[in-house]
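In what follows, chains carry the letters A, B, and so on, assigned in the order in which the sequence lines appear, proteins first and then strands, with residues in each chain numbered from 1. Reckoned from all heavy atoms, side chains included, excluding hydrogens, waters and symmetry mates.
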Number of protein chains: 2
Amino acid sequence: MSASTAPTRADLLALLAVITTAQWQDFGAAAARHGLTAMQAKVLSQLDNGPLPMRAIAERLVCDASNITGIVDRLESHGFVHREVSPSDRRVKNVVTTDSGRDTIRRVRAEMRATHGALDALGEAERASLYDMLDRMRPIMESRGQL
Amino acid sequence: MSASTAPTRADLLALLAVITTAQWQDFGAAAARHGLTAMQAKVLSQLDNGPLPMRAIAERLVCDASNITGIVDRLESHGFVHREVSPSDRRVKNVVTTDSGRDTIRRVRAEMRATHGALDALGEAERASLYDMLDRMRPIMESRGQL
DNA sequence: TATTGTTATACTCTATAACTATA
DNA sequence: TATAGTTATAGAGTATAACAATA
């Protein structure tokens, strides 16, 4: 239980892989309960802070822009989002969440039970400490991850 | 930088999502450099500790057994694994990595640069502490994630 | 000319259901 | 009967290339 046995970097990598896999599966399961795929939920999640052009969504998901057409098509057919031609540049289409879309993605996030439960296994001070460490890892994960 | 501003659980969830996404993308990019998809690399990874029946691979990947047929087909066509009928139960096929498969997946893991870099951003004592925390989160992530 | 979004295409991953060969 | 693996099918995500509309 204690870390007195000096875990190696490989141990940490393996643990991170477990957390990564569990969180992604948990997210997919929560999305499925609301009729969404994991990718659809991820796109909806990106839109929670305001509308985004198709191109911007592709950049955030680190995938080709052509993929977004289909994902947004399916979200739109379920009434979770709609497209609006940008007034300033008629080539651009802004994707906007509907009230239904906003409510749904918030429920999905609220239902990520495994992750919530795992965080509750830590005390208040430990959570702050974990946040501190992850926050310092973040820039490196983000910057190199975009390659 | 310090956590004195009392990060909320939502902050932690958002950070974990960033780490999760970055690590998965990093893994996929490393796999692609060696001609593998992320799922093929994940299967190869499971086999590094010894052969496994098709069914056991499906359980570890938390997916239907029928998917494994195709993934192993593609791994086999590239010479990374081969199937062996089990001597004790002729219904069972054990999947065994070739030398090429073993070398390749080890290179993939060694090349997970973003994750390695992020871990290196922490000091020795911090890595031990992070390991300790993640290790306590693990049982909950795993148990509920398998639903 | 360059950019945004779409379409067409091909491949991979995924679940479901039906099938086979073993047990 | 039950189990291991396969096949068939359909839907979704992915990259590439070519295209229309707009800048």
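- In terms of modelled atom types and a separation under 3.5 Å, the side chain of A:Glu76 and the main chain of A:Arg83 share a donor-acceptor contact.
- Counting to the nearest Å, the C1' atom of C:dT14 and the CD atom of B:Gln40 are 15 Å from each other.
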**OP:** Could you go through the salt bridge (Lys or Arg N to Asp or Glu O under 4.0 Å) check for B:Arg138 and B:Asp135 one step at a time?
**Re:** CA-CA 5 Å; B:Arg138 172 164 55 170; B:Asp135 201 33; 2.5 Å; yes

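- When rounded to the nearest whole Å, the span between CD of B:Gln25 and C1' of D:dT14 equals 13 Å.
- Closest to the B:Arg90 side chain, of the nucleotides C:dT14, C:dT16, C:dA23, is C:dA23.
- Whole-Å rounding puts the A:Met54 CE to D:dG13 P distance at 13 Å.
- Checking C:dT6, D:dG5, D:dT14 against every side-chain atom of B:Pro53, the shortest atom distance belongs to D:dG5.
- If you measure from atom CG of B:Asn67 to atom C1' of D:dT7, you get 13 Å, rounded to the nearest angstrom.
- Remark: P of D:dT6 and CG of B:Asp73 are 7 Å apart, rounded to the nearest angstrom.
- Nearest nucleotide to the side chain of A:Lys93, out of C:dG5, C:dT22, D:dA23: C:dG5.
- B:Asp64 comes within 4.0 angstrom of a base, heavy atoms only.
- The residue B:Ile68 sits apart from the nucleic acid: no heavy atom pair falls under 4.0 Å.
- Residues A:Ser86 and A:Asp89 have side chains that never bring a donor and an acceptor to within less than 3.5 angstrom of each other.
- For A:Arg55, the side-chain atoms get nearest to C:dT4 when compared with the rest of C:dA15, D:dG13, C:dT4.
- The nearest whole Å value for the distance from the CG atom in B:Asp89 to the C1' atom in D:dA2 is 12 Å.
- Considering only side-chain atoms of A:Arg91, the nucleotide from D:dT22, C:dT14, C:dG5 that sits closest is D:dT22.
- Here D:dG5 presents its C1' atom at 16 Å from CG of B:Leu61, a figure rounded to the nearest Å.
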Subject >> salt bridge (Lys or Arg N to Asp or Glu O under 4.0 Å) between B:Asp11 and A:Arg127, intermediate numbers included >> reply: CA-CA 10 Å; B:Asp11 292 332; A:Arg127 285 215 295 271; over 6 Å; no

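- Out of D:dG13, C:dT6, C:dA17, the shortest distance to the side chain of B:Ser66 is found at C:dA17.
- For B:Met39, the side-chain atoms get nearest to C:dC13 when compared with the rest of C:dC13, C:dT22, D:dT14.
- Candidate nucleotides C:dG5, D:dT6, C:dT16 were compared by shortest atom distance to the side chain of B:Thr69, and D:dT6 ranks first.
- One finds no side-chain N or O of B:Arg83 lying less than 4.0 angstrom from the OP1 or OP2 phosphate oxygen of D:dA4.
- A:His34 and A:Glu111 are linked by a side-chain donor-acceptor pair at a separation below 3.5 angstrom, with hydrogens and angles left out of the test.
- The CG atom of A:Leu36 sits 15 Å away from the C1' atom of D:dG11 (whole-angstrom rounding).
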